[in-house]
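Order of listing sets the numbers, starting from 1, for every ligand and every atom in it. A quick note: this is a predicted structure, and the numbers were derived from the prediction, not measured. Residues: numbered from 1 along the sequence shown.
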Amino acid sequence: MNRYLRFMVIGLLLWLVSPAASAQQDRRVGDSRPISPDLFGIFFEDLSYAADGGLYAEMIQNRSFEYTPADRSGWNAFTAWKYLKWGYGYGEVTVKTNDPISPNNPHYVVLDIEEPGSGVGLSNAGYGGIPVKAGAQYYFSVFMRRLSREEVPVTVRVQGQKGQVYAEAHFTVGAGDWKKYTDTLTVTTTDEDAELVLIGKGTGRLAIDEVSLFPKNTFKHRRNGMRADLAQAIADLKPAFMRFPGGCLVHGDGLANMYRWKNTIGPVEQRKGQRNIWNYHQSAGLGFFEYFQFCEDIGAKPVPVVAAAVSCQNSGGSWRIGSTGQRALPMNKMKDYIQDILDLVEYANGPVTSEWGAKRAAAGHPEPFHLEYIGIGNEDKITPQFESRFKMIYEAVHKKYPGITLIGTVGPFHDGADYEKGWALADKIHIAMVDEHYYEDPAWFLNNQYRYDHYDRSKSKVYLGEYASRGNTLYNALCEAAYMTSLERNGDVVWMASYAPLLARVGHTSWNPDLIYFTKTEVFPTVNYDVQQLFSLNAGNRYYPDVIDFKYKDSAFAASCVTDSLGTVIIKIVNAGAKKNVAQLHMDAFGKLDPKAKLTVLTGNPRAKNTVKQPHHVMPRERDLQVKNKMTYEVPPYSLSVIRINTNERSF
Ligand code: AHR
């Protein structure tokens, strides 16, 4: 070694142990930023059969005979039902509304059996065939009222298309008012296309309503609960929060269609279903109690959204320049409307001795649901009518419950008039957080990775409540991943973020893309789901700049370095382009690293999708990776790499 080189090496060694070097390391740690504990969550809306016919495990379609042509042209109270007459039996079936179980559930069916033959009754094949499994148990229930003097024996069956009987129960309908009849049916045969049959075997008149069949095996075995496989796919995302029940569904298609949470609690037969803005029917079987309970079951903070007392600006499809379909609740109705929102907080958090806390306890949950957030409004047009009502709600709820974080709304786009006006209102009245929405092409997400770096930290926090890159290819997912590294970098101002929409039933999708597709028996998470999951399972609580340097710089390359509360260093590296790259990792600030790290890589053909035909086309792969404080990482084309490194530290 020549003198000059020796001098350099000694100099370097001295520098490494010098205060300057540790200051450099400290500076890295010091420059780190906190990341919101609630950054990555989910947004659930009853869209594309996400609730009825989806997550809500009820197997009977139109169970309470409440479908109407307003839900969908051609639908009526008897939609999804068939009238049956077996073995020369005959009679009549009519829909009635006098003396219903509840005024909220006005329609029911009367079966008038003149000659029973081998039976006269009804059948329902659910949502395109009821899938049952051999050996599994199903809770059946029905409300019936005898309208004739004769006793009418009733048989209920789960059966196949050719009449094969898989399970059966018998009832005799006694005299008197509506009564609930129940039984647990154990099915003998697996069949994806079964139906439920309810058949009268004697002469007489019977009123029938609220016919229900639920798998016993719902998620966490909840009664009136969630479809286990779909719920598990959602739970596997480990979302920090769940926003519900919408979306446009919340502010509704006109004032009468606005979502009212009080209509969705209590005994299911007394809930008030209504038209779903997405052109079908919402039974309200999945109501606010079930939403709160599901959030608790999956460890997600509940984020209910209430309308800002205005309907969707697209109500009646009339949103044109210069006109709006937005309708505002009359001022004389605002007091009651605001009370409903205050009652929602009491329902979630109030003591069992309070009026609404008692209703929660009566539903089986005396403990509070620990509500921390409420969204007010959904990407509304920011009109004077909206502003005045929003302010009234905001001030009243904030005054009574200052500990609840209220989330405002800044229109449906990432810029433009409503975005500007929404933010101006947020600045003026100091809204704690605002909800931004945008659906864009993948390139937009790559080109706007610095959007939040420029946000003023003294203003409202951001909830990115809806975003997606308009596609389910690997390329889409990688562009979202690149953007998500920027959300981590700005996790001090972007408090929460949720991809949208979450669920869509194949054959009933009103909106594409979605995160999870499903059929009556299967669940198809997309590659976008893999990205969301990789980020939520690898979330951190501090972000570190300057750890990752790319050899080639381009908007296709993005990276983040975060640490979690256990002192794990988590590096995410995204390459949304065809060119390989090399990333230099500078991890001196993290002290001694466990050299054996875990690497997960999601990569493949950028056009590849996980579809019903090829559900596992692109999947993340995990392997060990040797790491050291200074190292290089070869970044494959079209890839997301996640490196998890254990350290000696508990936290940084
Ligand atoms: O996520 C689908 C829809 O997109 C939501 O209902 C609405 O808020 C947005 O326009």
Side-chain angles (χ1 to χ4, degrees), residues 41-52 54-55 234 237 239 241-254 257-259 274-282 286 291 303-308 310-320 324-326 373-382 386 390 407-419 422 433-441 444-445 462-472 476 480 496-505 508-518 526 528-529 532:
I42 54 171
F43 161 49
F44 180 92
E45 175 167 19
D46 186 5
L47 157 71
S48 305
Y49 282 37
D52 293 297
L55 184 60
I234 295 172
L237 283 168
F241 65 87
M242 174 164 125
R243 171 177 171 233
F244 59 87
C248 292
L249 183 102
V250 169
H251 52 188
D253 194 9
N257 192 235
M258 204 177 264
Y259 193 96
Q274 67 170 354
R275 177 165 68 94
N276 184 311
I277 194 170
W278 298 104
N279 201 26
Y280 56 106
H281 183 85
Q282 28 181 343
L286 199 179
Y291 279 120
V303 185
V305 184
V306 295
V310 295
S311 71
C312 181
Q313 53 267 35
N314 205 20
S315 293
S318 66
W319 194 14
R320 299 183 307 269
T324 174
Q326 184 186 78
Y373 299 102
I374 299 183
I376 304 172
N378 173 64
E379 61 177 37
D380 298 283
K381 194 163 177 62
I382 313 292
F386 166 86
F390 179 91
I407 307 171
T409 182
V410 295
F413 307 116
H414 44 70
D415 56 12
D418 296 315
Y419 173 85
M433 201 181 297
V434 297
D435 181 10
E436 296 191 354
H437 293 178
Y438 34 87
Y439 297 89
E440 278 295 346
D441 293 334
W444 186 93
F445 287 89
V462 174
Y463 169 29
L464 175 50
E466 295 181 26
Y467 71 97
S469 74
R470 293 196 186 131
N472 286 126
N476 289 99
E480 286 155 10
M496 305 195 288
S498 42
Y499 180 99
L502 180 65
L503 295 182
R505 186 173 172 121
H508 297 276
T509 48
S510 334
W511 186 289
N512 279 300
D514 300 279
L515 202 63
I516 303 172
Y517 289 86
F518 62 92
T526 58
N528 316 64
Y529 172 99
Q532 292 293 323

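- Listed by number with element, the atoms of ligand 1 under 4.0 angstrom from any heavy atom of Leu47 are 2 (C).
- Ring-plane geometry between Tyr438 and Phe445 is classed as tilted, the angle between the planes lying from 30 to 60 degrees on a 0 to 90 degree scale.
- In summary, the aromatic rings of Phe244 and Tyr291 are positioned with their centroids under 6.0 Å apart.
- Residue Asn378 places at least one N or O, backbone or side chain, under 3.5 Å from an N or O of ligand 1.
- Protein heavy atom nearest atom 1 (O) of ligand 1, with residue, atom name and distance: Tyr439 OH, 2.7 Å.
- Side-chain rings of Phe241 and Tyr463 approach one another, their centers coming within less than 6.0 Å.
- Checked against the 6.0 Å centroid criterion, the rings of Tyr439 and Trp444 do not qualify as a close aromatic pair.
- For Tyr49 and Phe518, the ring centers are positioned 6.0 Å apart or more.
- Contacts between Tyr467 and ligand 1 below 4.0 angstrom, taking non-hydrogen atoms only, are absent altogether.
- Shortest contact from atom 8 (O) of ligand 1 to any protein heavy atom: Glu466 OE2, 2.7 Å.
- Here atom 5 (C) of ligand 1 lies nearest to Glu45 when heavy atoms of Glu379, His251, Glu45 are compared.
- Classification of Glu45 and Arg243 as a salt-bridged pair fails, no side-chain N sitting under 4.0 Å from a carboxylate O.
- At least one heavy atom of Pro501 sits closer than 4.0 Å to an atom of ligand 1.
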